[in-house]
Q: 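Just dropping this structure here.
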There are 2 protein chains.
Amino acid sequence: MGAEGQQGGQWADVTPDAARRLVTAAVEAFAERGYHATTTRDIAGRAGMSPAALYIHYKTKEELLYRISSVGHRLALDILRRARDSAGSPADRLSEAVRSFVRWHAEHHTTARVVQYELGALGEEHYAEVVALRRDTDAAVRAIVEDGVASGDFGTPDVPGTTLAVLSLCIDVARWFNAEGKRTPDEVGELYADLALRMVGYAGK
Amino acid sequence: MGAEGQQGGQWADVTPDAARRLVTAAVEAFAERGYHATTTRDIAGRAGMSPAALYIHYKTKEELLYRISSVGHRLALDILRRARDSAGSPADRLSEAVRSFVRWHAEHHTTARVVQYELGALGEEHYAEVVALRRDTDAAVRAIVEDGVASGDFGTPDVPGTTLAVLSLCIDVARWFNAEGKRTPDEVGELYADLALRMVGYAGK
DNA sequence: CACCTCCCTAAGCGCTTGCTCACCTCGGGG
DNA sequence: CCCCGAGGTGAGCAAGCGCTTAGGGAGGTG
């Protein structure tokens, strides 16, 4: 109940009201069944409207997916960049990056699921745009890891590979996280921050 | 080219020949576009047959997915159980489990993609069967981690959580691995075996 | 009051989907 | 020589798809 209600916060600046109801309905439906298995009638129905109303606010079903994907990717990228640019040691910054990135994936796991696993359904141009954002995401984490290796705080033989693995681990939270499970987003974030530090070979504590 | 040709080995015991061609065609199509975006005409076409021929060998499109998912899950489970039951220290066994599990996900990433990411499209009964296999998968890895903690070789505060994370990390290889990329399945397996040992807090070497 | 704009709906178009059915082909046994 | 079953095809059905169109009602403005 209402656990996903906070999701409204993510789409607060989508107007008018009907467009926002449509986008949140689409997130739920895409996350549950996947983009291709979701019908425009289903989305409109969840939003309490007739099928045709969808096309007043969005040109196509794909545009709805693109809006979700674009907003989600930018939100995730901001989280990582904020951590990268924060004060503190590389360990502090990596820990904060993983903690907040994982927390977002768990808290908003419906949105995250669509963002991370449905991008293959995007049109060519939209896909290219999103792939560029994902490269930036990778670069943000790699910058932190490189800082740590340079300062001697981290010890890993393969920086790009380890970066990829850390990101992969975080992203996959969206796949398995269940709101009814026993772990809270905060707990998972804490656990994963610790695991990430071990992965990069952080010795201190 | 032909990197996926080895895939024939996974389906060698599917007879007759036409049924095998259909299942490998379906694996390729499902991995590329996803189950719901793949048409029976596409599968039959890749196998060099008319759309109707599919229904001589399989009752529905869903049964085709089930066959793939079932075989794949059993293969993956066998790999982990063999590692769990092998001789050697917990570190040796965890290392071997992750190495071979990851190698399988990379080498057969098309099959693995279908196995790991399309199970939501299964019918209820088939889904339940596959979920049971996945629980066994988790149990196999957890047994190794518990052994390591009991013997004092590993040091992790959260055994189920760390087990989940290690498995999640391995599974996600199927999502990002690209046969044209610069990493070979062997290299990724080696890197990940090392990362997994760090994650469970393995001190020795 | 007339009028315009913004949302919205009912109906439905053209197409594709998973799947079926009547029929064909062909190698092997009586 | 005929028949038969296994494996295949071409045509096509009912249902559901994304999306369009014609039109209606509510609310603000002259």
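Computed over heavy atoms, backbone and side chain alike; hydrogens, waters and symmetry mates excluded. Here is how names work: the chains are called A, B, and so on, in the same order as the sequence lines, proteins then strands, and each is numbered from 1.
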Q: B:P16 side chain: which of D:dT20, D:dG7, C:dT9 is closest?
A: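 The answer is D:dG7, which lies nearest to the side chain.
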Q: Rounded to the Å, how far apart are B:Y58 OH and C:dG18 C1'?
A: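 Result: 17 Å.
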Q: Expressed in angstrom and rounded to an integer, what is the separation of A:E63 atom CD from D:dC19 atom P?
A: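 Computing the A:E63:CD to D:dC19:P distance gives 10 Å.
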Q: Is a side-chain donor-acceptor pair under 3.5 Å present for B:E62 with B:Y35?
A: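 Not at all, the side chains of B:Y35 and B:E62 share no donor-acceptor pair under 3.5 Å.
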Q: Assess whether side chain to side chain contact (heavy atoms under 4.5 Å, CB included) is satisfied between B:F30 and B:V115, documenting all intermediate values.
A: CA-CA 10 Å; B:F30 291 163; B:V115 166; over 6 Å; no
Q: For nucleotides 27-29 of chain C, list the nitrogen or oxygen atoms of the protein found under 3.5 Å from its nitrogen or oxygen atoms, one pair per line.
A:
none

Q: Does A:H57 have a side-chain nitrogen or oxygen under 4.0 Å from the phosphate oxygens OP1 or OP2 of C:dC6?
A: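 No, no such contact exists.
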Q: Verify salt bridge (charged side-chain N to carboxylate O under 4.0 Å, His left out) between B:K61 and B:E118, making sure each step is shown before the conclusion.
A: CA-CA 13 Å; B:K61 175 180 152 188; B:E118 301 293 333; over 6 Å; no
Q: Roughly, in whole Å, what's the span from CE in A:M49 to P in C:dC8?
A: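 Taking CE of A:M49 and P of C:dC8, I get 4 Å after rounding.
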Q: Is B:R33 paired with B:D42 through a side-chain N to carboxylate O contact shorter than 4.0 Å?
A: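 Yes, this pair counts.
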Q: Can you tell me how far C1' of C:dC8 sits from CG of A:D17, to the nearest Å?
A: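 It is 14 Å, rounded to the nearest whole Å.
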Q: Could you state the OH-P distance from B:Y55 to D:dA11, rounded to the nearest angstrom?
A: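 Rounding to the nearest Å, OH of B:Y55 and P of D:dA11 are 19 Å apart.
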Q: Are any of the side-chain nitrogens in B:E187 or B:R99 under 4.0 Å away from the carboxylate oxygens of its partner?
A: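 Salt bridge absent between B:E187 and B:R99.
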Q: How does protein contact run along nucleotides 10-17 of chain C, one letter per nucleotide 5' to 3', with B for base contact, S for sugar-phosphate only, - for none, heavy atoms under 4.0 Å?
A: B-B----B
Q: Tell me: CG of A:L22 to P of D:dC19, nearest whole Å?
A: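 A:L22 atom CG is separated from D:dC19 atom P by 14 Å.
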Q: Report the distance from atom CG of B:L54 to atom P of C:dT20, rounded to the nearest whole Å.
A: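 B:L54 atom CG is separated from C:dT20 atom P by 11 Å.
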Q: When you measure from the side chain of B:Q116 to the backbone of B:R113, do you find a donor-acceptor pair of N or O atoms at a distance under 3.5 Å?
A: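 Flag not set: sc B:Q116 to bb B:R113 has no pair under 3.5 Å.
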Q: So does B:R175 pair up with B:D172, basic N to acidic O under 4.0 Å?
A: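 Judged by the 4.0 Å cut-off on N to carboxylate O distance, B:R175 and B:D172 do form a salt bridge.
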Q: Between B:R20 and B:D17, is there a side-chain heavy-atom distance shorter than 4.5 Å?
A: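 Yes; the side chains approach each other to less than 4.5 Å.
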Q: What verdict does the side-chain hydrogen bond (donor to acceptor under 3.5 Å, both in side chains) test give for A:Y202 and A:D194, after you've listed the backbone C-alpha separation in whole Å, the side-chain angles of each residue and the deciding distance to 0.1 Å?
A: CA-CA 10 Å; A:Y202 176 61; A:D194 183 49; over 6 Å; no
Q: Rounded to whole Å, how long is the line connecting atom CD1 of A:I43 with atom P of D:dC19?
A: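 My rounded result for the distance is 10 Å.
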